[in-house]
Structure formats: structure tokens, C-alpha cells
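What follows is a single structure, written as C-alpha cells, with notes after it.
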Amino acid sequence: MSPPTSSYVTPRTMSGVMELLPLEQVAFEGMIDVIRREFERFGYLPIATPAMELTEVLLRKTGGETERQVYLVQSTGSAEQGDDPDLALRFDLTVPLARYVAEHEHQLSFPFRRHQIQPVYRGERPQRGRYREFYQCDIDVIDRNELSLRFDAEIPAVINSVFAALDFGEFVIRLNSRRLLAGLMEKLEIEPHVAALRELDRLDRQGPENVIASLSKIGVTNDAAQRLLELAATGLRTGSDAFTLLDEIGGDNDLLKQGVDEMRAVLTLVREWGVPEHRFGLDLSIARGLDYYTGTVYETTLVAHPELGSICSGGRYDDLAGQYTKSRLPGVGISIGLSRLFWQLQNADLLPAAKSTVEVLVGLLDDAGLPEALRIAAELRDAGVNTESVLVPDRIGNQLKFAAKNGIDLYVVAGENERQRGEVLVRNLRTQTQASADRKDVVAAVQAQ
RNA sequence: GUGGCCGUAGCUCAGUUGGUUAGAGCGCCAGGUUGUGGACCUGGAUGUCGGGGGUUCGAAUCCCCUCGGUCACCCCA
């Protein structure tokens with residue numbers, strides 16, 4: 001890529017990674033702050049796991065598909081010796097969690113609620129809004145032996161608080177049950193459950209004709225496929241409509257009866273958790289491709305932007321850490337794909353105007369004013385105001401331009417004129433107003449803005 | 001991993017059937033304004049036309065290879 005005559009290497013990142021400019025980074029981290037705050041309001045504790053795991057730990061559970069997407073890690077020394085890579089980058093936060101809980105089971109308290117906000121890595125062909133390194137924001141609850149269905153309802157309550165706080169418009173949490181779907185398939189005499197679930201999950205992308213065709217390939221009769229899709233086509237049912245639909249499905253077999261009963265209980269509990277009726281419902285087309293889900297599954301979409309797809313999804317798994325321990329550790333949780341969500345919001349122009357973490361720029365018009373400028377800045381910092389100091393005098397126009405370009409709303413300066421009068425100038429760039437204040441009142445004048 | 005499309009300035013692109021020193025808008029920098037920002041005006045910088053090879057008197061333009069990007073599938077956040 002770089003010309004051989006040039007001594008420079010073209011500065012670039014690999015494709016499929018998200019690197020932001022400072023003001024974008026401020027917005028991104030602002031979202032993380034909100035998400036973490038809401039997670040912690042519900043009692044979820046933070047954990048962090050290493051980006052790398054031992055290959056044998058990471059790949060124990062997975063089938064061929066995920067294995068293909070895992071980045072193997074190896075030191076050059078190890079490679080020179082011809083060793084196999086024994087390290088790999090995590091591709092989600094759930095598998096590391098399983099290892100973590102199994103490893104530290106006896107130091108943890110159950111039910112164990114944890115949140116984890118870290119990047120994960122997938123060796124995929126990069127695509128629109130899909131990354132090879134991206135942040136996941138996960139919460140999960142793990143318990144021993146049995147995990148009450150009440151936790152299945154806590155999860156939507158947390159999601160509700162998170163997205164209400166993020167304030168990107170109305171959203172809806174779609175719930176379904178893998179057990180219920182399995183019961184339905186038993187009723188319709190659809191045999192390979194997992195494969196059929198995956199086909200169902202592709203309904204929105206592939207369209208009904210293709211899904212029926214694929215289903216017939218795995219031995220599902222046309223009639224059964226038709227009836228399955230009819231049910232899936234009912235789409236989202238909120239409020240009492242959800243319960244009506246559950247009544248209609250009934251309970252022709254034990255599995256179906258259990259699934260319907262559980263779903264009924266979960267929906268009732270979500271209501272009791274105080275999630276508004278219009279923000280959650282039953283959607284029989286939600287299947288989730290991941291095969292470790294066994295019960296309730298979730299997907300969340302923005303009402304005004306269905307094209308963005310699911311911005312938060314998860315579910316219940318009856319035995320999270322079966323690969324690592326004899327203990328039976330059921331869990332339920334969700335993951336927000338923050339990098340993709342951020343990219344989508346940015347693209348849909350849904351992010352608020354960029355704002356700096358710097359609240360005040362203290363200007364400098366002449367060298368003689370430096371000591372005073374530094375004192376003013378120190379006073380502001382002591383008062384808890386993030387303050388950036390101009391250290392080399394420049395034209396005031398350039399300083400204001402700098403503040404404006406960098407999302408700083410307030411500009412404070414004590415030039416020669418102000419210093420003689422014992423004043424400071426406080427300019428608000430957003431309201432385009434300014435006023436002089438007594439030098440001693442500078443902190444109050446800034447805080448009044 | 002499979003398949004399609006595209007590579008010209010930092011970005012979006014124009015470049016007439018191959019024909020002199022390759023252009024525009026936006027952005028960037030400077031000045032207009034030695035104490036007032038987003039507007040306006042003036043000026044400026046930046047390209048081995050992704051790289052290599054070939055055809056030709058002549059290639060950004062045609063051919064081959066290669067690298068990169070991108071989209072769809074697979075899968076998923």
C-alpha cells in the first residue's frame with residue numbers, strides 16, 4: 001500500500017474496528033456510564049475477565065461455527081518453536097462468565113448478579129455495523145441448582161430502566177420461550193428442534209417462502225411448517241393480547257404446557273416489576289440462534305427504528321457451566337452490543353450534539369496574565385469544574401473557535417482590561433451571551449451558567 | 001469460509017471514443033478582524049489516479065495479476 005520510496009507507513013487501522021474521535025468517545029463513554037449506573041441500581045456487581053483465555057477453556061463448549069470465528073493468540077517465541085496457540089481472545093462475555101463462576105464458586109454469593117462491560121473479538125468478515133472488536137454490556141444472574149423464574153422477569157425490568165435512561169425513544173422488549181417453541185414443534189411433529197429453531201429465527205431475514213423451503217429440507221412437512229409460521233406471524237402481542245395468545249396455544253403436551261405456563265408467569269411478573277405494558281410482550285418469532293438458551297429469550301427493538309434490529313438480546317440457560325464443574329449453575333442474562341448500537345444511533349442521527357468533558361476553557365490573551373489565569377483555573381477545578389487552560393496567548397477569536405470546535409460551552413478570560421478592573425469575562429458559547437463578574441465571584445459566575 | 005461490486009485529494013465524487021502541466025464540492029490551514037467562535041470573502045496546501053506487469057507514439061481510462069475496501073450469505077451484537 002505505501003510507496004516504496006516513502007519512509008512512512010500508511011497510518012490505518014484494520015477494518016472492522018471502531019476508533020472514535022474525542023467527542024465521539026465522550027458520547028460513547030457517556031452511554032457506558034448510564035448503562036453501568038442502571039445495572040448497579042439493580043444490584044449487579046462489576047467483574048472483568050482477561051481478554052485472553054486458555055484455548056481449552058474457551059473452546060470447550062462451542063461447536064464448529066464459533067470456533068471458526070475465534071482469534072487464536074500466540075507469542076512470536078511460541079510460534080517460532082512450532083507450538084500450537086494455547087490462548088484465544090474471548091468472543092463473548094458469557095463463556096468467560098461460566099468459567100469465572102465455576103472457578104470462584106466458593107467465594108461468590110448466590111444468586112450472583114454480575115455486570116461486565118468489555119470488548120470481545122470475532123474473526124468475521126466485517127460488515128455494516130459489525131465489528132471484529134466490539135463492546136458488550138452484559139448482565140447475568142447465576143444461581144445454584146435452581147434459578148427462580150422471577151429472575152426471568154427482573155431482566156426486562158433492568159432493560160427497561162437502561163433504555164429509558166439512555167433516552168433514544170420508545171422501545172419494546174420481545175419475550176418468548178424456547179421451551180414453548182419446543183413444545184409447539186412436538187405438537188406439530190417437527191423433529192429436529194434445534195435446526196428448526198434456527199430456521200424460525202431467520203424468518204425476518206429470509207421471508208416465509210425460503211424458511212418453508214429450508215424446513216422441508218430438514219424433513220418438516222409443508223403443513224407443519226405452514227402452521228408454525230402462522231403462529232410466528234402473529235408477531236408482537238402486548239398486554240392482555242399476549243395472554244389470549246397463550247390461551248389459544250393451550251397445552252397439548254407436557255413441554256408445551258410447561259412453556260406456556262412459564263411464559264404466562266414471566267409476563268405477569270414483568271408487569272409486577274413495573275415495566276409499562278407497551279414496552280414488553282410475547283413474540284413467538286423470537287427464537288435466538290444460540291443453542292445454549294433453554295427457556296425465556298429476549299430481544300429489544302427501537303419502535304421508531306425497527307431496521308436497526310435487536311439492540312439487546314439474551315435468555316435463560318439451564319446449565320451455564322456444565323463444561324467446567326459438576327455444580328449445576330442455571331442463569332439468565334442479556335447483552336447489549338454497544339459498539340453496533342452506537343454506530344447505528346450515530347448513523348440514524350439519534351445521538352445528541354457532541355459535548356466535551358471540558359466544561360470551561362480559561363483563556364489567555366497576554367503573557368502577563370498567565371499567573372492569574374492559572375489561579376482562576378485552579379479555583380474552578382477546586383470547585384469541581386473540569387477546566388482546560390490556554391497556556392500560550394493567542395487571538396481571542398481563535399480561542400473561541402477552539403472552544404466551539406471542541407464542544408466546550410464556557411469561556412472565561414481575564415485580559416489586561418479585566419485585570420485592571422478586578423473582573424473576569426464569562427462567555428457562554430451556547431447561548432452566545434457574556435457578562436463580566438467580579439474576580440472573586442468567578443466560580444459562582446461559572447456555576448450560574 | 002462462499003459469492004457480487006468498487007479502488008482518482010482527509011471525505012463525497014467528476015474526468016467526454018485512450019490525447020498536453022488531473023478537477024469540483026465539503027473539510028483543513030492562513031489572512032480579512034494585533035479582545036469575540038459556527039456566517040461571509042480572499043488565498044493556500046494535499047494526489048507516484050491502490051500496487052505491479054502488459055498493450056500503445058501516448059493509459060486515471062484497455063488487458064492480466066495482486067493488494068485493499070465494501071455488500072450479501074453463513075453467523076451474530
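The basis for the numbers below is simple: all heavy atoms, side chains too, and nothing from hydrogens, waters or symmetry mates. None of these values were measured; they are calculated from a predicted model. Every chain is numbered from 1 and lettered A, B, ... according to where its sequence line falls, protein lines coming before strand lines.
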Residues M185(A), L228(A); criterion side-chain contact (heavy atoms from CB on, under 4.5 Å); working and verdict
CA-CA 8 Å; M185(A) 296 199 182; L228(A) 183 66; 4.1 Å; yes
Evaluate the criterion side-chain hydrogen bond (donor to acceptor under 3.5 Å, both in side chains) for residue pair E230(A) and Q226(A); output intermediate values, then yes/no.
CA-CA 6 Å; E230(A) 269 169 37; Q226(A) 207 72 290; over 6 Å; no
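Comparing the same atom, C1', in G47(B) and in A14(B) gives a spacing of 15 Å after rounding to whole Å. Here, A9(B) and A22(B) have their C1' atoms 11 Å apart, quoted to the whole Å. Atom name P, nucleotides U55(B) and C64(B): the rounded distance is 15 Å, in whole Å. Nucleotides C26(B) and U17(B) are separated by 32 Å at their C1' atoms, to the nearest Å.
Nucleic acid contact for R132(A): none, since no nucleic acid atom lies under 4.0 Å from a heavy atom of the residue. The residue Q399(A) sits apart from the nucleic acid: no heavy atom pair falls under 4.0 Å. Contacts of Y411(A) with the nucleic acid, taken as non-hydrogen atoms under 4.0 Å apart, are absent.
Put simply, CE on M31(A) is 13 Å from C1' on A77(B), counting in whole angstrom units. For the pair R130(A) CZ and U70(B) P, the computed distance is 13 Å after rounding to whole Å. Remark: P of C76(B) and CD of E199(A) are 12 Å apart, rounded to the nearest angstrom. Atom CZ of F91(A) is separated from atom P of A77(B) by 11 Å (rounded to the nearest Å). Rounding to whole angstrom units, OH of residue Y135(A) and C1' of A77(B) are separated by 15 Å. In this structure, the CD1 atom of I334(A) is 18 Å from the P atom of C76(B), given to the nearest Å. One atom, CG of D140(A), and another, C1' of A77(B), lie 14 Å apart when rounded to the nearest Å. The separation between Y71(A) atom OH and C76(B) atom P is 17 Å, rounded to whole Å.
When the options R36(A), E40(A), E38(A) are evaluated for a side-chain hydrogen bond (donor to acceptor under 3.5 Å, both in side chains) with H115(A), the one that passes is E40(A).
Between R132(A) and E124(A), no side-chain nitrogen of the basic residue sits less than 4.0 Å from a carboxylate oxygen of the acidic one, so the salt-bridge criterion is not met. A salt bridge is defined here as a Lys NZ or Arg NE, NH1 or NH2 lying under 4.0 Å from an Asp or Glu carboxylate O, and R439(A) with E372(A) meets this definition. For the pair E133(A) and R122(A), the salt-bridge criterion is not met [side-chain N within less than 4.0 Å of a carboxylate O].
On a pure distance criterion of 3.5 Å, no polar donor-acceptor pair joins the side chain of R122(A) and the base of C76(B). For E124(A) against A77(B), a side-chain-to-base donor-acceptor contact under 3.5 Å is present. A donor-acceptor contact under 3.5 Å is not formed by the side chain of R198(A) with the base of C74(B).
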Per-nucleotide protein contact along nucleotides 31-38 of chain B, 5' to 3', at a 4.0 Å heavy-atom cut-off (B base, S sugar-phosphate only, - neither), is SSS-BBBB
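Between the side chains of Q116(A) and R114(A), at least one donor N or O lies within less than 3.5 Å of an accepting N or O. For the 3.5 Å distance criterion, the side chains of Q449(A) and N428(A) qualify, holding a donor opposite an acceptor.
Using a 4.5 Å cut-off on side-chain heavy atoms (C-beta onward), L200(A) and L229(A) make contact.
The listed nucleotides are U70(B), A77(B), C75(B); the one nearest the side chain of S313(A) is A77(B).
Where I311(A) and T13(A) meet RNA chain B, the nucleotide closest to each residue was compared, and T13(A) sits on the side nearer the 5' end.
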Under a 3.5 Å cutoff on both atom distances, Watson-Crick or G-U, what's the dot-bracket for RNA chain B ([ ] crossing, | other strand)?
(((((((..((((.....[...)))).(((((.......))))).....(((((..]....))))))))))))....
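Between S15(A) and G69(B) there is a side-chain polar atom (N or O) within less than 4.0 angstrom of OP1 or OP2. In this model, the phosphate group of A77(B) is not approached by any side-chain N or O of S310(A) to a distance below 4.0 Å at OP1 or OP2.
Using cut-offs of 30° and 60° on the angle between ring planes, the pair Y135(A) and F28(A) is perpendicular.
Between F42(A) and E154(A), the closest heavy-atom pair is O-OE2, 4.3 Å.
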